[in-house]
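Numbering of ligands and ligand atoms starts at 1, following listing order.
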Amino acid sequence: MNIILIGAPASGKGTQAVKLAQKFNLVHISTGDLLRNIASEKSDLADEIHSFIDNGKLVPDELIIKLVKEHLNKIDQKSGILFDGFPRTVFQAQQLEKFVNIDYVVEIKVSLESVVKRICDRISCSKCGRTYHISQLKGDLCECGAKLQKRVDDTEELAKDRYQVYYNQTYPIVEYYKNFKGYHSVDGEKSVDDVFEQICGVIK
Ligand code: ADP
C-alpha cells in the first residue's frame, strides 16, 4: 500500500506519517528530512540544497525526483511507502506515477494562522526530524538522543512564505488528485489522535 500525505508546512504530515508507517508497516519517506540530511554534509549539492530550503523555496523538480528515485533503490520498501512532502508539484506527481502506484492521497487541511503559530512554537530534532511544542520541552535533547534546535526555515516570516509556496505550487496537486478514488481530505486542526483516526478511517 502506497500513500501520499499532502499538507501545508506544519500541518502535521510528519507526525501522522510516523504513526501511519508504524501501524501499516510502511517505509516513511520525508523529502524534507532527506534534503536536510544531505545538506548537513559538506558538498556542492549540500550548498545547492541550502540555497533553497533555507529560504523556504522548493528545490528544483528534477533534483528531488532524482534523489527520491535513488533513495527508493537503496531501501527495503516493506509493505509499501508513505510519502511525506513528496510530490510537491503537479510535475512531481506526474513523474511519481511512472514509478510507483499510489493507493491513497490524504490531504491534511490547516489554516495559515495555525501554520504560523505551530511553526513559531516548535523545535525540531537535528537528526530524526521529530518536532516538539515548546511547552513540552524537558531539556534540549530529542528522545533519540540528538540535539533539538530551531530549523532555519522555522521563522514567522518564512512560515508565511512557505504557506504561500504551498498554495501556489503544491495545492494544485489537490485539484489534480481530486477525482482519484483514493483521494481524501481530513481536518488537521484537530488533535494528533483525532487526525490519526480520521486518516485510519479512510485507509482500508
Ligand atoms: P515543511 O512541510 O514543514 O515545509 P519539509 O521538511 O517537508 O517541511 O520540507 C522542508 C523544505 O524542503 C521545503 O520548504 C523545501 O525547500 C524542501 N522540500 C521538501 N520536499 C520537497 C519536494 N518534494 N520538492 C521540492 N522541495 C522540497
Side-chain angles (χ1 to χ4, degrees), residues 2-18 20-21 28-40 45-72 81-97 99-100 102 105-112 114-133 142 148-174 176-177 188 195:
N2 299 315
I3 306 176
I4 294 172
L5 284 185
I6 304 177
S11 56
K13 292 187 306 287
T15 306
Q16 297 299 330
V18 170
L20 289 164
H28 172 197
I29 298 186
S30 155
T31 42
D33 288 346
L34 187 67
L35 291 167
R36 280 185 290 276
N37 275 339
I38 301 171
S40 67
L45 179 58
D47 292 343
E48 188 189 349
I49 291 172
H50 270 298
S51 71
F52 295 103
I53 64 177
D54 293 358
N55 293 300
K57 299 205 166 62
L58 297 186
V59 306
D61 283 340
E62 288 70 20
L63 175 57
I64 192 72
I65 291 163
K66 177 172 166 277
L67 294 173
V68 168
K69 279 188 180 167
E70 282 172 5
H71 188 66
L72 285 175
I81 308 163
L82 195 287
F83 289 99
D84 158 12
F86 182 87
R88 239 172 164 103
T89 62
V90 171
F91 183 75
Q92 292 178 19
Q94 290 165 335
Q95 296 306 303
L96 177 64
E97 265 165 33
F99 53 94
V100 178
I102 298 299
V105 176
V106 181
E107 180 203 357
I108 306 180
K109 283 193 180 207
V110 280
S111 65
L112 169 65
S114 301
V115 164
V116 174
K117 185 154 184 7
R118 288 181 190 184
I119 285 183
C120 291
D121 290 353
R122 79 179 181 182
I123 189 151
S124 314
C125 174
S126 51
K127 189 153 171 259
C128 73
R130 179 169 169 182
T131 55
Y132 295 80
H133 189 271
C142 176
L148 293 173
Q149 60 187 32
K150 194 82 193 154
R151 263 169 55 177
V152 243
D153 56 345
D154 273 357
T155 60
E156 181 171 348
E157 199 190 332
L158 281 180
K160 290 181 182 157
D161 288 353
R162 283 156 63 204
Y163 191 81
Q164 210 50 54
V165 167
Y166 174 73
Y167 264 97
N168 295 338
Q169 299 190 52
T170 305
Y171 196 69
I173 64 179
V174 168
Y176 179 78
Y177 285 122
V195 177

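Although no hydrogens or angles enter the test, the distance criterion places no donor-acceptor pair under 3.5 Å between the side chain of R88 and the main chain of T31. When atom types are taken as modelled, the side chain of K150 and the backbone of C120 share a donor-acceptor pair closer than 3.5 angstrom. Within the 3.5 Å criterion, the main-chain N or O of G7 finds a donor-acceptor partner in the side chain of K13. Between the side chain of R162 and the main chain of P9, no donor-acceptor pair closer than 3.5 Å is present.
By the ring pair (Phe, Tyr, Trp, His ring centres under 6.0 Å) test, Y171 is found to be paired with Y167, residues two or more places apart in sequence or in another chain being considered.
Atom 15 (C) of ligand 1 has as its closest protein heavy atom K57 O, 3.5 Å. Nearest to atom 11 (C) of ligand 1 among the protein's heavy atoms is I53 CG2, 3.7 Å.
The proximity of A10 to ligand 1, defined as any non-hydrogen pair under 4.0 Å, is limited to the backbone. If you look at L35 next to ligand 1, the close heavy atoms, those under 4.0 Å, all belong to the side chain. Residue contacts with ligand 1 for R151 involve side-chain atoms from C-beta outward but no N, CA, C or O (heavy atoms, distance under 4.0 Å). Proximity of R122 to ligand 1, defined as any heavy-atom pair under 4.0 Å, is confined to the side chain (atoms from C-beta onward).
Taken to the nearest 0.5 Å, the CG atom of L45 stands 5.5 Å off from the CD1 atom of I38. Separation of atoms NZ (K127) and OG (S40) is listed at 11.0 Å; rounding is to 0.5 Å. Atoms CD1 and CD, from I4 and E107 in turn, are 12.5 Å apart once rounded to the nearest 0.5 Å. Distance check: F86 CZ to I64 CD1 gives 6.5 Å after rounding to the nearest 0.5 Å.
Using a 4.0 Å heavy-atom cutoff, R118 is absent from the residues neighbouring ligand 1.
Counting the atoms of ligand 1 from 1 in the order shown, those under 4.0 Å from a heavy atom of R36 are 6 (O), 10 (C). Each of the following atoms of ligand 1 lies closer than 4.0 Å to a heavy atom of P9: 1 (P), 2 (O), 3 (O), 4 (O).
In terms of polar-atom proximity, defined here as any N/O pair under 3.5 Å, V59 does make such a contact with ligand 1. Checked by distance only, ligand 1 and I64 stay at 3.5 Å or farther apart across all their nitrogen or oxygen atoms. Below 3.5 Å of separation, one finds no N or O of D84 facing any N or O of ligand 1. Residue-to-ligand polar distances place T31 within reach of ligand 1: an N/O pair is separated by less than 3.5 Å. When only interatomic distances are considered, the shortest N/O to N/O separation between K13 and ligand 1 falls below 3.5 Å.
For atom 7 (O) of ligand 1, the choice among R162, Q92, R88, H50 with the nearest heavy atom turns out to be R88.
A salt bridge between K66 and E62 is absent, with no side-chain N of the basic residue lying under 4.0 Å from a carboxylate O of the acidic one.
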